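Owing to the predicted nature of the structure, the values given are computational and were not obtained by experimental measurement.
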Amino acid sequence: MTPDAFFALAERLSAGLTGDEVLFCNLGGEVSDFVRLNRNRVRQAGNVRAAGLTLTLIAGARQAEAAFDLSGDPEADLALGRTLIGRLRERLAVLPDDPYLQYATEPSTGVTCQESQALPPAEEAVATLIEAAEGLDLVGIWAGGLIQTGLASSLGHRHWHERASFNLDWSVYLSGDKALKSSYSGFDWNPDVVHERLRTMRAGLEILRRPARRLDPGRYRAYLAPPAVEELMGMLAWGGFDLRDHRTQQTPLLKLVRGERAFDPRITLREDHARGLTPGFTPEGFILPPSVTLIDAGAFGDCLVDARSGREYGEPVNAASGSPESLSLEPGDLPESEVLARLDTGLWIGHLWYCNWSDPNEARVTGMTRFGTFWVEGGEIRCPVEVMRFDDSLYALLGTRLEALTRERELRLSPETYEGRSSASALLPGVLVSGIELTL
Amino acid sequence: MTRSEVRRWITTSRDESAPNMARLLDIAQGFVAHAPACDAWTLRLIAETSDHLEVRQGVVEPSLIGCSLGAMITVVEGAGSGYAAASDLSPSGLRAAAERALDWARVHARLGLFDARLQPPCTTVADYRTPVEEPWESRALADKLALLQAANQALEIDERIQDWSAWLTQRRVEQLLIGSVGARVTQVLDYVHPGLQVVANAGSQTQRRHGGGADGGLQGGLENLVRLGFLEDAARLAEEAIALLDAPECPSDVRDLILMPNQMALQIHESIGHPLELDRILGDERNYAGASFVTPEMFGRYRYGSEWLNVTHDPTLPGELISVAADDEGTPAAREVLIRAGILERPLGGALSQARAGLPGTATSRASGWDRPPIDRMGNLNLEPGQGSLADLVGQVERGILMDTNRSWSIDDSRNKFQFGCELGRLIEDGQLKGLVRNPGYRGLSAEFWRSLAGVGGPETLGVGGVLNCGKGEPNQAVYVGHAAPPCLFRRVAVFGGGE
């Protein structure tokens, strides 16, 4: 869909409003190719064209929502939209006033269309990957195409955010669960990057061939590479910063807020809306600030406040939801090239997997090591290790046992596609800790 | 099936009880008239409607009416297969989608993992409708909101209750699958999911309880409110949340463990269901969801658990989440035994995976919606009842813990090393239930855990539920999965509590 077509549809829907009614229209759409690979061959390939419109009808202090799929036929979409507005109008007659209703009453506009200059046809990218991985047991997915988000209201809001991007996410298996993982994502495709990353993986596979070391449960010195740190940040995102979770004492950072625990002063975490990969506006028409400091030098900073929680608790809106989508963890001073030497003896953890709260009151997380986790001795990678379960508090890993953060950071674009292709991202350093508790 | 036969069937099978099915039939008719020129095709049309009502702390949250309609087209041309999904259901929109699917089929033919002709052609003719006693529409919106307000009042029992909410979610999925060689399957699945949540806090200790249907799900209409104990659960949940604040931590040692049916659902799901999925065994999922410790040669001989362990794929159990007539590729659904008296017999996987692996399987090739292709999933995966009551199980325990309601789940990518947490624990001493313990958890290895199964409750203790958020696949898909199980007794399990 084009911005003009979306704005025109919203205008025609708004033309049917009566009295003091207000209408917000939020669009989410994608045109995506998805190609799954297994054993370096195409397993399942296809294309998805989807666009959905969410209507919020407001009358006085009452509101109700409806969502539907757009067919692309302007008249049919208009007819269905009008039918749903009629149903919402009937519903509003029954609903009570909503004390937490909040929307931007001042109209604003903004259009961001950053089409890629060099996004290749998906089949060409996949062929490049298969050729570069000749002889390897590669498994993964290509997901690429256009992602669109739009907002229009009867008050005059007009926003559009559009990006063409790709996310090539793959792993290379040696045998059993011995594997390395890599990814290449962005907006401008360069096949040389794929070749280079696969050359690096081939070298890594040589180390993976060594007999794996089986570790006993206990505390181990460890380096967590940025993809592993991303998993821990994902846990913090799960209730760590949502204003409602804080005000109802549900946040896993309750002890941090109460001053009973702290992170290391080198931990500063921000929600960087200004990165620009996600829309800079909320569904209710609020414009987001460039950045929100969530953890400030080890202490709790600000919550993420969506429109509804903002009204309920009297705080200014600074996010589309209570879960961060553009995290940024401040770097440290450890050069990546010195990580192995500083680790000396311990675990080099490439990825963590399937994390969940073990005891949220203590910000205690459990999860598994996965993909490219190695035993290091004397500053040299010695061998892979068998997968291990950890169960440890973030107050330890990012606090009492934090030794260093790397100077370099990695921008990680989410490969998640549950509700369409995600535009979430995280800019993260690696983390060196004096110990991580392994339990099984 | 010829085009004229499809047209005749379409025009004679209109079902007024499924409000969108007539439209799906019309769309299908238009597609058949201009079906793609290829060796085989299927068209899967889905109309999904939903409604969500929630009251939190006595305030009605914004309600959401959902209305989705789209198509998934799959084609086979030569050795290749491809798919395309679209919400443009006009004849030209569907033709364009079919062309995109054919483009991918050509790529697959050149670079594919297998010959697409391995996929058996589907000729199934079947219909399924969820039996509904009290349709969602039979009660007015005001009545539903009044019910949710009543539940809110029952949850707010103490100033330590910090948050509380009650909700009702309705979902109807109307699906029509037709294929070039005769498949025609209509299925209408109705769901009403009620739920309750209550949060208690004292100082830096917070405890949550869920119930009233939030810990499972069933097909059906508003009668599910009674089946799932919606309103009567409220006071108990609130009292338990308060009691847990002052309860001692769950001990950390090795002892016997009784899991209630709602936690058994997660245990079965993670450490039997996922490891038995054929696509994981074939390696398709290794980049995301993972592989499996189960290998093809284990079927027919591997001791998965004790003699007490009998596991079935059963799409025939009335009311369970995935009771259907056929899977999303049109394979007729049938009850199959996967584990018999502890011995592994059969994996979970659809017709294509069965052909690739040379193994039997189940009719469980499923998709989360019209915009995703079917992959191997669980359907209804059940642990068959044994004998006796919950009290009989408790009576067999000298020193143990009973755990109820999942709150945390984690397992390795081979589905072996697991750790689960529950909302509520209760000590068992000398065959008697004793006091509550908070933050209970346990961990173990799938390959060993099921061999410690020492007791399974009888048919009267069977809990029918499941999970509503099983995630898997690239692109990602979240689907419902049904699980039925009685409470079960396991010997000598590593348990632990909260704290640093």
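- Without hydrogens or angle criteria, B/Asn439 side chain to A/Asn361 main chain gives no donor-acceptor distance under 3.5 Å.
- If you measure heavy-atom distances from A/Val35 to chain B, the contacts under 4.5 Å come from the side chain alone.
- Heavy atoms closer than 4.5 Å to chain B are found nowhere in A/Ser393, neither backbone nor side chain.
- Using a 4.5 Å cut-off between heavy atoms, A/Glu362 touches chain B through its side chain atoms alone.
- Interface check for chain B: of the options A/Asp359, A/Asp137, A/Asn356, A/Thr369, the most heavy-atom pairs under 4.5 Å are formed by A/Asn356.
- For A/Glu416, the parts lying under 4.5 angstrom from a heavy atom of chain B are both the backbone and the side chain.
- Only the side chain of A/Phe371 comes within less than 4.5 Å of a heavy atom of chain B; its backbone N, CA, C and O stay farther away.
- Only the backbone of A/Arg247 comes within contact range of chain B, with at least one heavy atom under 4.5 Å from a heavy atom of that chain.
- Electrostatic pairing of B/Arg280 and B/Glu285 does not count as a salt bridge here, judged by no charged N lying under 4.0 Å from a carboxylate O.
- For the residue pair B/Leu45 and B/Leu89, the shortest heavy atom distance occurs at CD2-CD2, 4.3 Å.
- Stacking of B/Arg372 on the aromatic ring of A/Phe34 is recorded, both the 6.0 Å distance cut-off and the 45° axial limit being met.
- If you measure heavy-atom distances from A/Asp391 to chain B, the contacts under 4.5 Å come from the side chain alone.
- Annotation: the span from B/Leu102 atom CG to B/Arg106 atom CZ amounts to 5.0 Å, rounded to 0.5 Å.
- Proximity to chain B (any heavy atom under 4.5 Å) is restricted, for A/Arg244, to the side chain, taken from C-beta onward.
- With contacts defined as side-chain heavy-atom distances shorter than 4.5 Å, the pair B/Leu111/A/Leu37 does not qualify.
- Residue A/Arg39 touches chain B through both its backbone and its side chain, counting heavy-atom pairs closer than 4.5 Å.
- Both the backbone and the side chain of A/Ala122 come within less than 4.5 Å of a heavy atom in chain B.
- Residues B/Phe418 and B/Tyr442 come closest through the heavy atom pair CE1-CE1, 3.6 Å.
- Contact of the A/Tyr103 side chain with the A/Ile58 side chain is registered, since non-hydrogen atoms from C-beta on lie closer than 4.5 Å.
- Within the 4.5 angstrom heavy-atom criterion, no atom of A/Ala143 approaches chain B.
- For A/Ile141, the parts sitting under 4.5 Å from any heavy atom of chain B are the backbone and the side chain alike.
- With A/Arg43 as reference, B/Asp284 is the one residue of B/Asp284, B/Asp376, B/Asp279 to meet the salt bridge (charged side-chain N to carboxylate O under 4.0 Å, His left out) rule.
- Using a 4.5 Å cut-off between heavy atoms, A/Leu440 touches chain B through backbone and side chain atoms alike.
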For this session: Report the C-alpha distance between B/Arg56 and A/Glu312 in whole Å, list the side-chain angles of each, state the deciding distance to 0.1 Å, and finish with yes or no for salt bridge (charged side-chain N to carboxylate O under 4.0 Å, His left out).
Result: CA-CA 12 Å; B/Arg56 172 180 169 263; A/Glu312 180 175 1; 3.0 Å; yes
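- Per-residue heavy-atom pair counts under 4.5 Å with chain B were compared for A/Ser358, A/Ala127, A/Ala51, and the maximum is reached by A/Ser358.
- With a 4.5 Å cut-off on non-hydrogen atoms, A/Glu260 touches chain B through its side chain but not through its backbone.
- Counting heavy-atom pairs closer than 4.5 Å to chain B, the top-ranked of the candidates A/Glu419, A/Glu437, A/Arg364 is A/Arg364.
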